[in-house]
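Fair warning: this is a prediction, and the values are worked out from it, not measured in the lab. First listed ligand is number 1; within each ligand, the first listed atom is number 1.
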Amino acid sequence: MKIFVTGGAGYIGTHTCVELLNDGYEVVVYDNFSNSSIEALRRVEQITQKSLQMIEGDIRDEVLLTSSMQGCDGVIHFAGLKAVGESVEKPLEYYDNNVHGTLCLLRAMQKNSIKTIVFSSSATVYGDPEFLPLTEKHPLRTTNPYGYTKLVIEEILRDLFKSDPTWKIMILRYFNPVGAHQSGLIGEDPQGIPNNLMPFIAQVAVGRREFLNVFGDDYQTPDGTGVRDYIHVVDLAQGHLRALEALKTPQCTAINLGTGRGYSVLEVVKAFAEASKKPINYTISPRREGDIAACYADPKNAKELLNWQAKRTLKQMCEDAWNFQSKNPEGIK
Ligand code: NAD
Ligand code: UFG
């Protein structure tokens, strides 16, 4: 089977390409390298000792997209912009890249009669949780333009399936992906100051940043800091293969990919300090606007419908993130 992977040079994309190639899939990556580099794909080839096809292109270039995916059997759609704060400042860019880009992709798929797609959604579509753990039945709503793009794309996919029930659509709602491939060759490589917790901690450990700002210690959580469901990126990547296998039959299904267990900011700081054997200096700062107290998945549907379950522990997530960071102190160039 040949899979067309949009955004395949990015963080989750590269890890998924490794799993696809190791499992015998042929892979075509389509990426504009706006947040990644071709070097990351070379490293995927180095890890797997297999080659993949790389096409530099934007998902909004429908003509190039349509010709590039010829002969593919299915699509995994990672391409998009993902920074919540930036989406508030540049909403038009976010709607254009994510929503318009996805419309171009779906039209290109129609033209090629490819009707199998796995889409990267996010736990952000649940907004501030009414109950925990979050099941897929939790009401959907969100608070920022990035979240709206995910929600709108989910609705587009559900409408598409209603109009043509021969489509095979899997919407994966990721919780907090962290960690790296155990080789240390690929991992999370944010440009500029990291928005997310684990890459920020990793840069403190390696000496690129002085200290971590812990955003709030007065939440209704056991130690007052925010609680999230961190999931190892290799577990997440493997979830995509299970999703492709489940798409033997037409459907449009949304599934959480998380561990079901939440950890606080201070628990992650402690685990990372142990894994890296480096002190992680931190200071308590005011809450970050838009943050919620706690968020973790009910992973039951993933187990039942995809036969998938996250296996890797927080210790492993920190060790692998540290292995990548210490081998690539300035990221992947
Ligand atoms: P990433 O930025 O590392 O990867 C995205 C890739 O898409 C990059 O290689 C980028 O160059 C490419 N891209 C962006 N816009 C493009 C366009 N218009 N045309 C072609 N390529 C384009 O991000 P990631 O962490 O790997 O996330 C992948 C997907 O998962 C995204 O859709 C993101 O919204 C979603 N997601 C990520 C997280 C997370 O915390 N990392 C959580 C939930 C959902
Ligand atoms: N945090 C800090 N200091 C930092 C960064 C984060 O204390 O420098 C805290 C946050 O307040 C939060 C926790 O660490 O309590 C996790 O924050 P992240 O920014 O790593 O992750 P979020 O849960 O805020 O958001 C991430 C992605 C979103 C996605 C969401 C759910 O950035 O795009 O997970 O999947 F929608």
> Just to confirm my output: which protein heavy-atom neighbour is closest to atom 22 (C) of ligand 1, and how far is it?
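Checked against all protein heavy atoms, atom 22 (C) of ligand 1 sits closest to Asn32 OD1, 3.1 Å.
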> Could you check atom 26 (O) of ligand 1 against the protein and tell me its nearest heavy-atom contact, residue, atom and distance included?
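Answer, as residue, atom name and distance: Ile12 N, 2.8 Å.
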> How far is atom 12 (C) of ligand 1 from the closest protein heavy atom, and which atom is that?
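Among all protein heavy atoms, the one nearest atom 12 (C) of ligand 1 is Asp31 OD1, 3.3 Å.
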> Give the numbers and elements of all ligand 2 atoms closer than 4.0 Å to a heavy atom of Val214.
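Under 4.0 Å from Val214, ligand 2 has these atoms: 7 (O).
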> Measure the distance from atom 1 (P) of ligand 1 to every protein heavy atom, then report the residue, atom name and distance (to 0.1 Å) of the closest one.
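So the nearest neighbour among protein heavy atoms is Asn35 ND2, 3.8 Å.
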> Ligand 2 versus Asp291, non-hydrogen atoms closer than 4.0 Å: side chain, backbone, both, neither?
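The part of Asp291 near ligand 2 is the side chain, not the backbone.
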> Does Phe175 have Arg228 sitting over its ring (NZ/CZ under 6.0 Å from centre, angle to axis within 45°)?
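The answer is no, since Arg228 fails at least one limit relative to Phe175.
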> Please tell me whether Asp217 and Thr225 have a donor and an acceptor in their side chains that are separated by less than 3.5 angstrom.
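Result is no, nothing qualifies.
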> Tell me, please, whether Tyr263 has Arg261 positioned over its six-membered ring: NZ or CZ under 6.0 Å from the ring centre and within 45 degrees of its axis?
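Yes; both conditions hold, so Arg261 lies above the ring face of Tyr263.
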> When you look at CD of Gln251, are more than 12 heavy atoms from neighbouring residues, nucleotides or ligands closer to it than 6.0 Å?
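Atom CD in Gln251 is crowded, with more than 12 foreign heavy atoms closer than 6.0 Å.
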> Among all protein heavy atoms, pick out the one at the shortest distance from atom 32 (O) of ligand 2; state its residue, atom name and that distance to 0.1 Å.
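Result: Asn196 ND2, 2.8 Å.
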> Check this for me: does any side-chain nitrogen of one of Arg242 and Glu245 sit under 4.0 Å from a carboxylate oxygen of the other?
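A salt bridge links Arg242 with Glu245.
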> Looking only at heavy atoms, is any part of Val268 under 4.0 Å from ligand 2, and if so is it the side chain, the backbone, or both, or is it neither?
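Under 4.0 Å from ligand 2, Val268 contributes no heavy atoms.
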> Distance under 4.0 Å to a non-hydrogen atom of Phe33: what atoms of ligand 1 satisfy this?
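Taking each heavy atom of Phe33 in turn, ligand 1 has 11 (O) under 4.0 Å.
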> May I ask you to test the Ser121-Ile153 pair for a side-chain heavy-atom distance under 4.5 Å?
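A side-chain contact under 4.5 Å is absent here.
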> Quick test of your reading: applying ring-ring contact (aromatic ring centres under 6.0 Å, His included), list the pairs with at least one residue in residues 135-171, sequence neighbours left out, ordered by first then second residue.
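Passing the test, one end in residues 135-171: Tyr126-His138, Phe131-His138.
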> What about Val227: any of its N or O atoms under 3.5 Å from an N or O on ligand 2?
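No, since none of the N or O atoms of Val227 sits under 3.5 Å from an N or O of ligand 2.
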> How far is atom 4 (O) of ligand 1 from its nearest protein heavy atom, and which residue and atom name does that atom have?
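Nearest neighbour among protein heavy atoms for atom 4 (O) of ligand 1, to 0.1 Å: Gly10 CA, 3.4 Å.
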> Please say whether Ile59 places an N or O atom under 3.5 Å from an N or O atom belonging to ligand 1.
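So ligand 1 has an N or O lying under 3.5 Å from an N or O of Ile59.
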> Which atoms from ligand 1 have a heavy atom of Ala9 less than 4.0 Å away?
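Result: 9 (O).
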> Taking heavy atoms and a distance under 4.0 Å, where does Asn97 meet ligand 1: side chain, backbone, both or neither?
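The answer is the side chain of Asn97.
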> What do you reckon, does Asn176 put a non-hydrogen atom under 4.0 Å from ligand 1?
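It does not; every heavy atom stays at 4.0 Å or beyond.
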> Can you name the atoms of ligand 1, numbered from 1 with element, that are less than 4.0 Å from a heavy atom of Ser120?
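Answer for ligand 1: 29 (C), 30 (O), 32 (O), 35 (C).
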> Pick whichever of Tyr11, Tyr94, Tyr174 has a heavy atom sitting closest to atom 36 (N) of ligand 1.
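Minimum heavy-atom distance to atom 36 (N) of ligand 1 goes to Tyr174.
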> Under 4.0 Å from ligand 2, counting heavy atoms only, is it the side chain of Thr225, its backbone, both or neither?
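Neither part.
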> Got the closest protein heavy atom to atom 34 (O) of ligand 1, with its distance?
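Here the nearest protein heavy atom works out to Tyr146 OH, 2.7 Å.
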> Just say parallel, tilted or perpendicular for the rings of Phe272 and Trp322, cut-offs at 30° and 60°.
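Perpendicular.
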> Please state whether Tyr219 comes within less than 4.0 angstrom of ligand 2, counting heavy atoms only.
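Distance cut 4.0 Å: Tyr219 fails for ligand 2.
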> Strictly by modelled atom types, are Asn213 and Ser285 linked by a side-chain donor-acceptor pair under 3.5 Å?
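There is such a pair between these side chains.
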> Do any nitrogen or oxygen atoms of Leu212 lie less than 3.5 angstrom from nitrogen or oxygen atoms of ligand 2?
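Looking only at distances, the answer is no, because the N/O contact criterion of under 3.5 Å is not met.
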> If we set the cut-off at 4.0 Å for heavy atoms, which region of Tyr146 has an atom near ligand 2: side chain, backbone, both, or neither?
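Near ligand 2, Tyr146 shows its side chain, while the N, CA, C and O stay back.
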> With only distance considered, is Arg288 within less than 3.5 Å of ligand 2 through an N or O on each side?
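There is such a contact, yes.
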> Below 3.5 Å, N or O to N or O, backbone or side chain included: is there any such pair between Lys82 and ligand 1?
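Indeed, backbone or side chain, Lys82 has an N or O that close.
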> Considering only non-hydrogen protein atoms, determine which one is nearest to atom 40 (O) of ligand 1 and report residue, atom name and distance to 0.1 Å.
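In this structure, atom 40 (O) of ligand 1 has Pro177 CD, 3.3 Å as its nearest protein heavy atom.
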> Looking only at distances, please establish whether an N/O atom of ligand 1 is found under 3.5 Å from an N/O atom of Phe78.
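Indeed, backbone or side chain, Phe78 has an N or O that close.
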> Applying salt bridge (Lys or Arg N to Asp or Glu O under 4.0 Å), run through Glu155 and Lys162 and close with a yes or a no.
CA-CA 11 Å; Glu155 295 304 340; Lys162 268 185 228 152; over 6 Å; no
> Could you check whether Lys303 and Asn307, counting side-chain N and O atoms only, form a donor-acceptor pair closer than 3.5 Å?
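Not at all, the side chains of Asn307 and Lys303 share no donor-acceptor pair under 3.5 Å.
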> May I ask you to check whether Tyr174 and His240 place their ring centres under 6.0 Å from each other?
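Ring centroids of His240 and Tyr174 are less than 6.0 Å from each other.
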> When you measure from the heavy atoms of Ser34 to every atom of ligand 1, does any distance fall below 4.0 Å?
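Ser34: in contact with ligand 1 (<4.0 Å).
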> Has Thr6 got any heavy atom lying under 4.0 angstrom from an atom of ligand 1?
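Contact check Thr6 vs ligand 1: negative.
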> Among protein heavy atoms, which lies nearest atom 21 (O) of ligand 2, and at what distance?
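The closest heavy atom on the protein side is Asn176 ND2, 3.1 Å.
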> So for atom CD, which belongs to Glu210, do other residues, nucleotides or ligands contribute more than 12 heavy atoms lying within a distance under 6.0 Å?
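No, CD of Glu210 has 12 or fewer neighbouring heavy atoms, counting only those of other groups under 6.0 Å.
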> Compare all side-chain heavy atoms of Cys252 with those of Ile171 and state whether any distance is below 4.5 angstrom.
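The answer is yes, as the side chains (C-beta and beyond) meet within the 4.5 Å cut-off.
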> May I ask you to decide whether Arg312 forms a salt bridge with Asp235, counting only side-chain N to carboxylate O separations under 4.0 Å?
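Looking at Arg312 and Asp235, the cut-off is met.
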> Which ligand 2 atoms, with their elements, are less than 4.0 angstrom from a heavy-atom of Arg228?
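Per the distance check, 12 (C), 15 (O), 16 (C), 22 (P), 23 (O).
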> Would you please determine whether Glu188 falls within less than 4.0 Å of ligand 1 on a heavy-atom basis?
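Outside the 4.0 Å threshold, so no.
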> Should Gly57 be listed as contacting ligand 1, given a heavy-atom distance under 4.0 Å as the test?
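Yes; Gly57 lies near enough to ligand 1 that a heavy-atom distance drops under 4.0 Å.
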> Decide whether the shortest distance between a heavy atom of Ser121 and an atom of ligand 1 is less than 4.0 Å.
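True for this residue.
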> Testing the 3.5 Å rule here: is there a donor-acceptor pair between the side chains of Tyr25 and Glu19?
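Checked: Tyr25/Glu19 side chains show no N/O donor-acceptor pair below 3.5 Å.
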> Above 12 or not: heavy atoms from other molecules or residues under 6.0 Å from CZ of Phe33?
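Yes - once you tally the heavy atoms of other residues, nucleotides and ligands closer than 6.0 Å, there are more than 12.
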> Can you figure out which of Phe211, Phe215, Tyr230 has its heavy atom closest to atom 16 (C) of ligand 2?
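Result: the heavy atom closest to atom 16 (C) of ligand 2 is in Tyr230.
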> Counting only heavy atoms closer than 4.0 Å, does ligand 2 sit against the backbone of Val265, its side chain, both, or neither?
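The answer is the side chain of Val265.
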> Within the 4.5 Å heavy-atom criterion, are Leu266 and Val268 side-chain neighbours or not?
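They are not in side-chain contact.
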> Side chain or backbone of Lys150 under 4.0 Å from ligand 1, or both, or neither, by non-hydrogen atoms?
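Side chain only.
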> Just wondering, more than 12 heavy atoms not from Lys111 lying within 6.0 Å of its NZ?
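Enclosed.
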